[in-house]
Amino acid sequence: MTVERPRGRAASVLFVGILIALMAACAALLAVLRVDDSMFVDAKAFYCAGQALDAGRDPYLNASLTACQNGLHTLTLHDWPGSQNIAVPVPFPPLALAPFALLALLPFGVAIVIWSGLNIVAAAWGADLLRRALPGLPAPLIGTAVVMSVLPAGVRLGQPSGIVFLAVVGAGLALRERSRAGVFGWPLVAVLQPHVALPACASLLVAPWRLARWAVVALCGALLALSALLAWRLSLEYVLRVLPAHAEANLSDSSQLALPSALAAAGVAPHAALAFGDAAYALAIVVALVVGARIAQLYARPEALVWTTAMFGTIAAPHLHTQQLCCALPGALLLCTLGTAPLLTRIATYGLAIPWVSLLTLKWGPGFALAAAAGEWRRPSPRALLALAGLGGGLCAFLIGLALLLTHLDHPLHPVLIVRPPAQALAEVTWAIGIAVDSAAFRTGTLPARAVTWAAELVLLGIALAAARLLPQHSKDAVRLNGTSVPIG
């Protein structure tokens, strides 16, 4: 794939090397110090699901996962004395579990090094592709945004955040460069996060390139055929049982950022909240296709179709955690270059990238908000960096203090005890019980942090509509000729 290289190959090697070293050092330090109970918790669940597949067991059942997860000390939370009967669920389609079946053939220590290394390298590679594709943005801004978005939740928990982020970036650039392998391969990689892969594939289906449309049709046909031939029972179980149970379990999660969780927190009935969330997700994809196509046409940026649709689809996903927000970053960073409210766009991009919920749940979380100052580095200016660090630190202190107050005024934390779940119970069933009780004490406390992310998301969606000329705007990057606004950016 060829993209603009205004600073040469040496700059790319240096940029990627710095990001890899930074993320690897942070992950290794956390793993060695063992200061985080949830370190690699999702990676352990994926590994155990792979073991279940290798042994011919159902990877979605609680009984198939508990023994392996207990052996890896997946849940070591002191307030969950019944955690030996709780399994962390794996909400991936059966074909997406194939890589973990291979990793499960290795000892867990080796597997986690390989998996984390792939995640980190993919995130750094995707950041460099963005840096070269968006030469108008400073490299520190892109690097800082990617590290803050991928490392605290994605790499720390073992989620495939960096890999799917790279897939979104690669799919957009494949459309721009008319890469035949790219328009087929990158959406295939994105299948690790189905609610991200769906809008990405939808954008390629309406792309003004026939080969891209045929590639997506071929990819969907191949995935359906393989699912039917190799894992039709698991595929049906995933669609009919796992997805609904997972969506319902996430409603009470205090770290959820999806619309159904916000509606449930506001008192909307669970089934109504889930139905409204699904409808909003479908509508968001349709709107995103229109907005992305308009931006691609107005600014001659074909990649905007994929990146904008992925941003809308990620933000409107029926279930959304911090680790998945990185898939919206390419669209947000692209908006920073279009000249529509540039300062507001940059602030909203930081609001999207900074893991606000992590500020409340991790001892080292505030450091990531302070790190946002590095993204505004232009030249050695201690005064500017201190001002930005002070602003970020003040906001962190306010959010943490408010969260502690709200948590104190909300519900006390009660221990969770689950004894002998049914043999055919999904992992989501026990997980839902545990997470509901655990989150009861923090659901209100995390609202301020989640509100910052929600505000940033709404601002970015509004700016995308304005950039597509679907909202009234006044931009300095347009001139008027005979009463007609003509973009010059």
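Bear in mind that the values here come from a model prediction, so they are computed numbers and not experimental data.
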Open item on the list: Check whether Thr340 reaches the backbone of Ile463 with its side chain - one donor and one acceptor, N or O, closer than 3.5 Å.
Closed with: no
- [ ] Under the side-chain hydrogen bond (donor to acceptor under 3.5 Å, both in side chains) rule, collect the residues that match up with Asn119, sequence neighbours excluded.
- [x] none
TODO: List for me each residue that meets ring-ring contact (aromatic ring centres under 6.0 Å, His included) alongside Trp454, sequence neighbours excluded, and say none if there are none.
DONE: none
TODO: Identify the heavy atoms of Leu329 and Ala353 that sit nearest to each other, and give their distance.
DONE: CD2-CB, 4.2 Å
Show the atom names and distances, to 0.1 Å, of all donor-acceptor pairs under 3.5 Å that link a side chain in residues 312-319 to residues at least two apart or in another chain.
{"unit_1": "Thr314", "atom_1": "OG1", "unit_2": "Ala310", "atom_2": "O", "d": "2.7"}

Task: Under the ring-ring contact (aromatic ring centres under 6.0 Å, His included) test, residues paired with His321 that sit two or more places apart - done: none
TODO: Taking the six-membered ring of Tyr60 (Phe, Tyr or Trp), confirm whether the NZ or CZ of Arg241 is under 6.0 Å from its centre and within 45° of its axis.
DONE: no
TODO: Spell out, as yes or no, whether a donor-acceptor pair under 3.5 Å connects the side chain of Ser149 to the backbone of Cys326.
DONE: yes
TODO: For Phe100, enumerate each residue passing the ring-ring contact (aromatic ring centres under 6.0 Å, His included) test, keeping only those at least two apart in sequence or located in another chain.
DONE: Phe46, Trp115
Open item on the list: Tell me whether Cys201 and Cys220 have SG atoms closer together than 2.5 Å.
Closed with: no
Task: Residues in ring-ring contact (aromatic ring centres under 6.0 Å, His included) contact with Phe108, at least two apart in sequence or another chain - done: Tyr47
Task: side chain to side chain contact (heavy atoms under 4.5 Å, CB included), paired with Cys336, selected from Thr349, Leu343, Ile142 - done: Thr349
TODO: State which residue, out of Val242, Leu53, Leu234, Leu236, fulfils the side chain to side chain contact (heavy atoms under 4.5 Å, CB included) condition with Pro94.
DONE: Leu234
